[in-house]
Amino acid sequence: MDVTADTDSYVIGVDYGTLSGRAVVVRVRDGKEVGSGVYEYPHAVVTGALPVDVTGAGAQSARLPGEWALQVPNDYRDVLRVAVPAAVAEAGIDPAAVVGIATDFTACTMVPAKADGTPLNELPGFENRPHAYVKLWRHHAAQGQADRINQLAAERGEDWLPRYGGLISSEWEFAKGLQLLEEDPEAYAAMDHWVEAADWIVWQLCGQYVRNACTAGYKGIYQDGRYPSEDFLAALNPQFKDFVSTKLEHTIGRLGDAAGYLTAEAAAWTGLPEGIAVAVGNVDAHVTAPAARAVDPGQLVAIMGTSTCHVMNGTELREVPGMCGAVDGGIVDGLWGYEAGQSGVGDIFGWFTKYGVPPEYHQAAESAGLGIHEYLTELASQQAIGEHGLIALDWHSGNRSVLVDHELSGIVVGQTLATRPEDSYRALLEATAFGTRTIVDAFRDSGVPVKEFIVAGGLLKNPLLMQIYADATNLQLSTIGSAQGPALGSAIHAAVAAGQYPNIREAASAMGSEPGEVYTPIPENVAAYGELFQEYKVLHDYFGRGSNDVMHRLKAIQRRAAGSVFEPAANTSAAAAEVPA
């Protein structure tokens, strides 16, 4: 590919995260990031009640139980209106030099929409109905529906179930869609399309609804060219029989292809030239693999932020227990793309600093000129492994892999009157590392070798955490050099969609990021964490595999105590916790 310096062209990658959207301007010939912009969602994550400024309902806004997590779709449009122009302005380039744009999204994040793409919550009469809003990836209120899908699929021997490690998640399209039908059938009937946000935002950009192959395979149970049968869906609920044909099924686009071209309206939002290529949508984790130049088998990429998603390519199809899916070409053409994940990581650390750390620690951190995460990390790094006497389970937001059970909850064992905040903080850091090791072991035990461990996302800035992960997994850990891995990965897809490179592999080779910091396992630390990991496994299996279902029982008690799902309540929409630096 001959891309010369005096004919520089640029692409834009837009990464839609849990709390914000980030745009980056990237030079096509070498992947240099020349400008970026960020837009924080004004409504963040809606977890208490629907926002007053959207519903106009005030104190009558519907109350949401703890498992709900919604978003307001117009926040996503505003990312295009604010972050993209800001990135171009910072880059100081002529917008006419931009040849393509691509986006990635958290998944599975679902938008109920009309035939023209209008979200249901923007229709008169639907603004105060929770099911008319975006269901964010971490919306776990469809666990009951997921359980029924899993039970029925196992009973019938559905051939697609092993592709997902034997369990479908409550986060995914079918469970959330069935919940919508059963809890708000009027909204379900009014909905024309059940759309991944990754595809909805592309629809907004180019005016074409194209369903991306990535989310269709990983989140939409699309395997070997088909979805679950009408017979299966009818057995779940007779009114769900035609869910695929009437609400879900749509033209599927290959990753790296152009879904369409920038409309005049979207050009006005972004300040970009009308008619440039808009790439098929994708998932934040999966686009990060080419950004890290991790497109070969055995390179496990962990995108660590509020949650962690693990993606890796393999040469053969294997059935890995508790995985989020194995999809042919799910990351790059010609290889099987595997996905696993942890539902809570940075969210857990942020929750602890917000609710579990006394004021004097915050004051001491401020006096030292440090953030609370940095301060606790500094204290925790002075400890020997095991010195705190604790072991924790990292299930504060449920377990995505390998148990696929969002009714599970967090626990810390070993606390005494001498336990300090830095002890608990370190135990939580270690718990998430043990969760990742559980995933790595599941891959290896199933014949999918893990050869490298590469980390992207905001948490790579915590050196203690990175060393803990290297020691706990006994893998050399390298970090991606880019601070905007998903956005860079999207930009790589934009370059391919715009015809600047023939495929993702060549674009990744030219535009991917060089490694950042490298962390090598320390033998004595590996041994010490090996001992602690055995204790983690005992707790993991005891609480997670049916020996003691106390976590499920507590959830049921909590729901009964909370009463009706949609009682009036004041607005307590809240952002997810900050993640550590």
How far apart are the closest heavy atoms of A107 and T215, and which atoms are they? CB-CG2, 4.2 Å
Are side-chain heavy atoms of V357 and H373 found at a separation under 4.5 Å? no
Can you confirm if the aromatic rings of Y375 and H362 lie within a centre distance of less than 6.0 Å? no
With a 4.5 Å heavy-atom cut-off, do M110 and E196 have their side chains touching? yes
Non-hydrogen atoms of A380 and L464 that approach each other most closely: CB-CD2, 4.0 Å
Regarding R426 and E430, does a basic nitrogen lie under 4.0 Å from an acidic carboxylate oxygen? yes
Is the backbone N or O of G341 less than 3.5 Å from a side-chain atom of S401, with the two atoms forming a donor-acceptor pair by type? yes
With respect to W395, which candidate in H540, H406, H552 satisfies the ring pair (Phe, Tyr, Trp, His ring centres under 6.0 Å) definition? H540
Write down the atom of V24, the atom of A487, and the distance for their closest heavy-atom approach. CG1-CB, 3.3 Å
I'd like to know whether CD of E366 has more than 12 heavy-atom contacts from other residues, nucleotides or ligands below 6.0 angstrom. no
Roughly how far apart are T103 OG1 and N212 CG, rounded to 0.5 Å? 9.0 Å
Looking just at side-chain N and O atoms, do D423 and Q383 make a donor-acceptor pair shorter than 3.5 Å? yes
Do any N or O atoms from the side chain of Y39 and from the backbone of A23 form a donor-acceptor pair under 3.5 angstrom? no
In the structure I gave you, are the side-chain heavy atoms of H139 and L70 within less than 4.5 Å of one another anywhere? yes
To the nearest 0.5 Å, what is the distance between CG on L460 and CD1 on I480? 8.5 Å
How far apart are the closest heavy atoms of A294 and I454, and which atoms are they? CB-CD1, 3.8 Å
Could you verify whether a donor N or O on one side chain and an acceptor N or O on the other, from D104 and S490, lie under 3.5 Å apart? yes
Would you please indicate yes or no on a ring centroid separation below 6.0 angstrom for Y41 and Y76? yes
Decide whether T109 and Q71 meet the rule of one side-chain donor and one side-chain acceptor closer than 3.5 Å. no
Are V311 and I331 close enough that some pair of their side-chain heavy atoms sits under 4.5 Å apart? yes
Non-hydrogen atoms of A472 and A433 that approach each other most closely: CB-CB, 3.9 Å
Is I201 close to F105 at the side-chain level, that is, under 4.5 Å between some pair of heavy atoms? yes
For Y469 against L429, the heavy-atom pair lying closest together: CE1-O, 4.2 Å
Cationic N near anionic O, under 4.0 Å, K461 to E517: no
If you measure from NE2 on H43 to CG on L19, what distance do you get to the nearest 0.5 Å? 14.0 Å
Take V84 and I12 through the test side-chain contact (heavy atoms from CB on, under 4.5 Å) and record every step on the way to the result. CA-CA 8 Å; V84 173; I12 306 242; 4.3 Å; yes
Rounded distance [0.5 Å steps], CD in Q476 versus NZ in K451: 15.0 Å
So, are R559 and E407 salt-bridged, with charged N and O less than 4.0 Å apart? yes
Just by distance, do the side chain of H493 and the backbone of G489 share a donor-acceptor pair under 3.5 Å? yes
Can a salt bridge be assigned to the pair E514 and R293 using a cut-off of 4.0 Å between side-chain N and carboxylate O? yes
Flag, side chain of K176 to backbone of A141, donor-acceptor distance under 3.5 Å: no
Taking A418's backbone N and O only, do any of them form a donor-acceptor pair with T416's side chain (distance below 3.5 Å, no angle check)? yes
Between D333 and R505, does any NZ, NE, NH1 or NH2 come within less than 4.0 Å of an OD or OE carboxylate oxygen? no
Should Y133 and V72 be marked as a side-chain contact (heavy atoms from CB on, under 4.5 Å) after you check the CA-CA gap, both sets of side-chain angles, and the distance that decides it? CA-CA 6 Å; Y133 284 77; V72 177; 4.2 Å; yes
Near-ring test Y164/W172, centroid separation under 6.0 angstrom: yes
With R318, which residues qualify under salt bridge (Lys or Arg N to Asp or Glu O under 4.0 Å), at least two apart? E316
Hey, does the side chain of E90 reach the backbone of S36 with a donor-acceptor pair shorter than 3.5 angstrom? yes
Verify the distance criterion only: is there a donor paired with an acceptor across the side chains of S397 and D347 at less than 3.5 Å? no
Are any of the side-chain nitrogens in R400 or E171 under 4.0 Å away from the carboxylate oxygens of its partner? yes
Show your working on side chain to side chain donor-acceptor pair (under 3.5 Å) between E33 and S482 and close with a plain yes or no. CA-CA 9 Å; E33 300 167 36; S482 171; 2.7 Å; yes
Would you sort out whether R138 and E67 count as a salt bridge (charged side-chain N to carboxylate O under 4.0 Å, His left out), showing the intermediate values? CA-CA 8 Å; R138 70 179 201 183; E67 296 89 354; over 6 Å; no
Out of curiosity, Y338 OH to I439 CD1, how far, rounded to the nearest 0.5 Å? 15.0 Å
CD of E360: more than 12 outside heavy atoms within 6.0 angstrom? yes
If I take atom CG from residue D284 and atom OG1 from residue T106, how far apart are they, to the nearest 0.5 angstrom? 6.5 Å
In sequence, state the C-alpha distance, the side-chain angles, and the governing distance for H310 and T436, and then conclude on side-chain contact (heavy atoms from CB on, under 4.5 Å). CA-CA 9 Å; H310 309 75; T436 286; 3.1 Å; yes
Do L255 and I504 come close enough that some side-chain heavy atom pair is under 4.5 Å? no
Would you check if Y536 and D394 make a side-chain contact, meaning some heavy-atom pair closer than 4.5 Å? yes
Among W351, F349, F352, Y355, which residue satisfies the ring pair (Phe, Tyr, Trp, His ring centres under 6.0 Å) criterion with H396? W351
Using 4.0 Å as the upper bound for N to carboxylate O, is an ion pair formed by D541 and K537? no
With a 3.5 Å cut-off and no angle check, do the side chains of R22 and S20 form a donor-acceptor pair? yes
Using the side-chain contact (heavy atoms from CB on, under 4.5 Å) rule, take T353 and Y425 through it: C-alpha gap first, then chi angles, then the decisive distance, then the call. CA-CA 8 Å; T353 61; Y425 188 74; 4.1 Å; yes
Applying the side-chain contact (heavy atoms from CB on, under 4.5 Å) criterion to R437, which one of T432, T473, D471, L475 satisfies it? T473
Can you find a pair of side-chain heavy atoms, one from F533 and one from T438, that are under 4.5 Å apart? yes
